[in-house]
Protein chains: 2
Amino acid sequence: MAGMVEVAAKGAYHHGNLPDSLRAAAAELIAEKGTSGFSLREVARRAGVSHAAPAHHFGDTEGLLTSLATEGYRILADAMEEAARSGDDSIGRLLGTGRAYAHTALEKPGHFALMISNDQICDTNEAFVAEATRAYEALQAIIIGIRDELNPSLDVDAACTFCWASIQGLVQLSGLLDKVADDTGTTKASLDENIESFAHFLIEGMGGGA
Amino acid sequence: MAGMVEVAAKGAYHHGNLPDSLRAAAAELIAEKGTSGFSLREVARRAGVSHAAPAHHFGDTEGLLTSLATEGYRILADAMEEAARSGDDSIGRLLGTGRAYAHTALEKPGHFALMISNDQICDTNEAFVAEATRAYEALQAIIIGIRDELNPSLDVDAACTFCWASIQGLVQLSGLLDKVADDTGTTKASLDENIESFAHFLIEGMGGGA
DNA sequence: CGCTCCAACTTGACACCGTCTAGAAACTTC
DNA sequence: GAAGTTTCTAGACGGTGTCAAGTTGGAGCG
């Protein structure tokens, strides 16, 4: 264990699993220095390969970053789907899913900085769209549940947009992305408080009244 | 008029008003190519000066972009304050201010991409903080009005965060930043529709009921 | 007017970046 | 073990941000 040098994973061929190593290094770098501090050569350096190695797997910078954002949406969609499964009622599922979103953002700041940026990635990439859609539909299912259980006249599309925009705006306002927070403890706590407040506003706003 | 060559403004010294020209060129460039497509040398080129000229006024890239973001918050704060003055009641003022936010974002995509990014700018800069605070306080005043008029138990801070996050998330989700929309007409229309929906959710959520 | 001074800008250099090309290295397959 | 293919390396190119030094042109003053 202690002898393991760097890239790890006995994996497949020359270098272990280079695509995964590159994604991990990229996420780490962006979490440290923000999306503008990203550098393909620095990522290659951290993964212990030459500066041109990434190109072979991802084509160019946009390719690597799109791949990283896609991974982020896959993680997010998984977390949201799991949260949606474990709630007691619609309201509980919405609250849990909001927490899942925020906590994923907190744990994967490098991924989220990209996912949210709408810049430097190819947002028409098939896999990317598929994972992003899956995350969106996890929320949509919950909103439909709220409509059916609490308010038949609820505009599902508008409510989805509203919920998504709110939580995304909160995450961004909280400054969770770029530069990892020094004191993640209190950040996480205040974030949860805001989630609770938001849930209250959202539920009231959707006419549920509970 | 037709004879005006480029930098215009008989202005002050050598080159007219270079800082303003550089900010304008930077906003244009970011609106065209996104924050990642920004280049100090390209900005200097568009302003018709040498590649090192910007450094003399702004120090480095971060200095120029922080200055541009500050200008953006000044424009936003002005627009919000004016909208807040012209509403009939608290609800009308909130709705108008939301529209002002979104329309400013639509008109100044280069500025907003920066303001929202939390990257590439120095968010502890004094002037920057002052203008951003002014914009935030314009919203805060309205929320306080809503509390006084409609719901004495409203948590003002939480409501402010919620409103700000919602509108900011909406603007970002709408993809208004980076690449100017081809068809701004329909974009603007659907944006207004969303603003209306959001206002409904927000007002209900804050327990106003109207 | 001539002179100095100084802010505004230019020029050139440096290291770093993304990408392209050609070639080496290692694993697969027969 | 030889051929072929994928994986990665090495080097070159133009472009970028920033730093150092030099040039320009207007302002203030004798």
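Please read these numbers as outputs of a predicted model, since none were measured by experiment. Below, chain A is the first sequence line, B the second, and so on; all start at residue 1.
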Residue list, salt bridge (Lys or Arg N to Asp or Glu O under 4.0 Å) with R134(B), at least two apart or on another chain: D78(B), E81(B), E131(B)
Base-contact (B) and sugar-phosphate-only (S) positions in nucleotides 9-18 of chain D, heavy-atom cut-off under 4.0 Å, - elsewhere: BBBB---SBB
Any residue meeting salt bridge (Lys or Arg N to Asp or Glu O under 4.0 Å) with R147(A), in chain and number order, not counting sequence neighbours: none
Atom CG of L22(B) to atom C1' of dC9(C): distance rounded to whole Å? 12 Å
Residues in side-chain hydrogen bond (donor to acceptor under 3.5 Å, both in side chains) with S36(A), at least two apart? D119(B)
ring-ring contact (aromatic ring centres under 6.0 Å, His included) with Y73(B): which residues, sequence neighbours excluded? F128(B)
Sequence-distant partners of T133(B), side chain to side chain contact (heavy atoms under 4.5 Å, CB included), two or more places apart: V129(B), E137(B)
Value in whole Å for how far the P atom of dA8(C) lies from CZ of F58(B): 12 Å
For atom CG of N17(A) and atom C1' of dT6(D), their distance in whole Å: 15 Å
